[in-house]
There are 2 protein chains.
Amino acid sequence: MTVRLLLADDQELVRSALSALLELEEDFEVVASVGRGDEVVDAARSHQPDVALLDIEMPGLDGLAAAAVLKVQVPACRVVVLTTFGRAGYLRRAMEAGVAGFVVKDAPSEVLASAIRRVMRGERVVDPALAALTLAAGESPLTARERDVLTVARSGATVAEIATKLYLSEGTVRNYLSAAIAKTSARNRLDALRRADERGWL
Amino acid sequence: MTVRLLLADDQELVRSALSALLELEEDFEVVASVGRGDEVVDAARSHQPDVALLDIEMPGLDGLAAAAVLKVQVPACRVVVLTTFGRAGYLRRAMEAGVAGFVVKDAPSEVLASAIRRVMRGERVVDPALAALTLAAGESPLTARERDVLTVARSGATVAEIATKLYLSEGTVRNYLSAAIAKTSARNRLDALRRADERGWL
DNA sequence: ACTCACCCATGACAAATGTCATGGGTGAGT
DNA sequence: ACTCACCCATGACATTTGTCATGGGTGAGT
C-alpha cells in the first residue's frame, strides 16, 4: 500500500528535487505539488494525499497556518513540516497546529522517509536536536503588544512611525520597546530584535 | 558523453534531493557531494567533475569563495552557483569569482539542466530576472569602512562597542553610520542595515 | 603639482531612544 | 472581593544616536 504525498515548497527546484528523491522509494507516490501556502488545501482536497509535506516559508499562507487549516478541512491528511534548522519557535507553533512530524532540511534523506512512514503509523516524529533547542529557548516572555511593536520595528521604523501604525502614543511604544529590550537582555532595539528572532519569539 | 557533477549544499536533504533529480537525466552523473564550502576543492581534485554546482550559504567557506579557489586550483571544473532568489549582490561577486552560471532555486528544473549543458558548451548562463535585479540595485555606494561599521552594527552593538571593536573613536563610527544612513536613504541604523542588505551591499 | 576619494578625528548640537515612576482600565482566575 | 497580568498613557530624565562643520593624513590618477 503506497503513501500518497503532497509537496509544498516555494522553491520550484527544491520541490521537484524532493519529488524525485521521494519517488525513488517504491512505497511513496507524489500526487500533488504546490508552491504557495494558500494552494495547499485545494490540492489536498482534490488529490486526497495521506501525508502533506509542508515547508514553512511560503508566499500566500505560512506553512503552519496551512497546516492548521488542513487539520480542519482535510483531517484525514497528516502533516509533516519540513524546514530549515534553527528557527526554534516554529516547533511550538507547529505542535499547536496539530502537526504530526517535524523534519529539518539538514537531516539525511532516510530520516525524512522514515518520518513519513512513522507518521503514517500514527506516531508523532520530531527531530530530537530541534526539540532540545526549543526547550532551551523556552517560552516567549513577550506580551502580544511587545511582539507587535517589535515586528513593526523590524522594518526599520522609528518610534513615531510605529506609534502611528499601531495607533499608540510614542511613550507607550517606547515603554513596550524598553520592556522587550529588558526581557531579551539586549542592549538595543536591534539587539532585542536579533535575540527574539533567534529564539523564535516573533 | 556524460557530464560529471559535484554538488555542494549545506542542507543534506536538499543535496540528496538534487542528486536524485539530476540523476534522472541520462547525461548527468553526480560524482561527489559535499556539505561544506571548504570540502569543495578537495572533492573536485579527487573526482575531477566537469561542473560544480555550489550553493552560496555554506559553513566553512562561502560558495563564492570556494568558486574563486576552484578557479585557480581546478580550472577545468566550471562552476554553476545555485542559490535563493533575491540576494542581488551575490551575482556581482559571482561574476568576479569567475562563475560560469547562476541559477536561482525558484527556477524550474529544466532551467537548471539546460544551464548545466550550456555551461558545458562554454556559455555563460544567468537568470535574466536576477540580472535585471542586480542592475537595478546598482553598485554599492558604501566605502569599505562604512561597510565594516554596518556589518558590526548588525550584531546589535552600540556605537561604543563598534568603536572598540574597530579601534576607532566613537565620533568616527557615528560619522560612518551617518554616511551609510544617508547613502541608503534610510531613517535608521536598522533601516540602513535592511536596505543595504537587500541590495547586496554588505 | 593638483585633485579627489577615502581614511580618521573632534566638538557641538538636535533629535531619537531607552528608562523609570506612576496611574487608570480591563478581564481572568482564586 | 481581590490579585495579577496585561493594556494604555504621561511626564521627566539620562543616554544614545544622528547630523554638520571642520581639518589633517594618505595614495591613486591627471
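Excluded from the calculations below are hydrogen atoms, water molecules and symmetry mates; all remaining heavy atoms, backbone and side chain alike, are included. Residue numbering restarts at 1 for every chain, and letters A, B, ... go by the order of the sequence lines. The shown structure was predicted, so the numbers you read here are calculated from the model rather than taken from an experiment.
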Engineer: Scan residues 103-116 of chain A for pairs that pass side-chain hydrogen bond (donor to acceptor under 3.5 Å, both in side chains), counting only residues two or more places apart or in two chains.
Structural biologist: A:D9-A:K105

Engineer: Could you tell me the separation between the CG atom of A:D191 and the P atom of C:dG18, rounded to a whole number of Å?
Structural biologist: 11 Å

Engineer: What pairs with A:A182 under side-chain contact (heavy atoms from CB on, under 4.5 Å), at least two apart in sequence or on another chain?
Structural biologist: none

Engineer: Please name all residues satisfying side chain to side chain donor-acceptor pair (under 3.5 Å) with B:R118, sequence neighbours left out, ordered by chain then number.
Structural biologist: B:E123

Engineer: In whole Å, what is the span from the CZ atom of B:R187 to the C1' atom of C:dA16?
Structural biologist: 13 Å

Engineer: Is there a residue in residues 139-152 of chain B whose heavy atoms reach under 4.0 Å of DNA chain C, and which residues are they?
Structural biologist: B:T143, B:A144, B:R145

Engineer: Quick check against the 3.5 Å criterion: does A:D10 have a side-chain atom that pairs as donor or acceptor with the backbone of A:P59?
Structural biologist: no

Engineer: Roughly, in whole Å, what's the span from CG in A:L190 to P in D:dT16?
Structural biologist: 16 Å

Engineer: Which residues satisfy the salt bridge (charged side-chain N to carboxylate O under 4.0 Å, His left out) test with B:R194, sequence neighbours excluded?
Structural biologist: B:D191, B:E198

Engineer: Extract all donor-acceptor atom pairs below 3.5 Å that involve side chains of residues 64-78 of chain B and protein atoms in other chains or at least two apart in sequence.
Structural biologist:
from, atom 1, to, atom 2, distance (Å)
B:Q73, OE1, B:R45, NH1, 2.8
B:R78, NE, B:V119, O, 3.3

Engineer: Which dot-bracket notation, 5' to 3', represents the base pairing of DNA chain D when pairs are defined as Watson-Crick or G-U with both distances under 3.5 Å, crossing pairs as [ ], and inter-strand pairs as |?
Structural biologist: ||||||||||||||||||||||||||||||

Engineer: Tell me every residue that passes side chain to side chain donor-acceptor pair (under 3.5 Å) with B:R174, counting only those two or more places apart in sequence or in another chain.
Structural biologist: none

Engineer: Give a yes or no answer on whether the side chain of A:E161 reaches the backbone of A:T158 with a donor-acceptor pair at less than 3.5 Å.
Structural biologist: yes

Engineer: Quickly work out the B:N188 CG to D:dT16 P distance and round it to whole Å.
Structural biologist: 17 Å

Engineer: Who passes side-chain contact (heavy atoms from CB on, under 4.5 Å) against A:D50, sequence neighbours left out?
Structural biologist: A:V3, A:R4, A:M120

Engineer: Please list, chain by chain and in numerical order, all residues satisfying side chain to side chain donor-acceptor pair (under 3.5 Å) with B:D42, sequence neighbours excluded.
Structural biologist: none

Engineer: Can you tell me the distance, in whole Å, between the CD1 atom of A:I181 and the P atom of D:dT16?
Structural biologist: 12 Å

Engineer: Rounding to an integer number of Å, can you tell me how far B:K183 NZ sits from D:dG18 P?
Structural biologist: 16 Å

Engineer: So, using side chain to side chain donor-acceptor pair (under 3.5 Å) as the criterion, who are the partners of A:S33 when residues are at least two apart?
Structural biologist: A:R15

Engineer: Please work out which residues in residues 156-178 of chain B have a non-hydrogen atom less than 4.0 Å from an atom of DNA chain C and list them by number.
Structural biologist: B:L168, B:S169, B:G171, B:T172, B:R174, B:N175, B:Y176

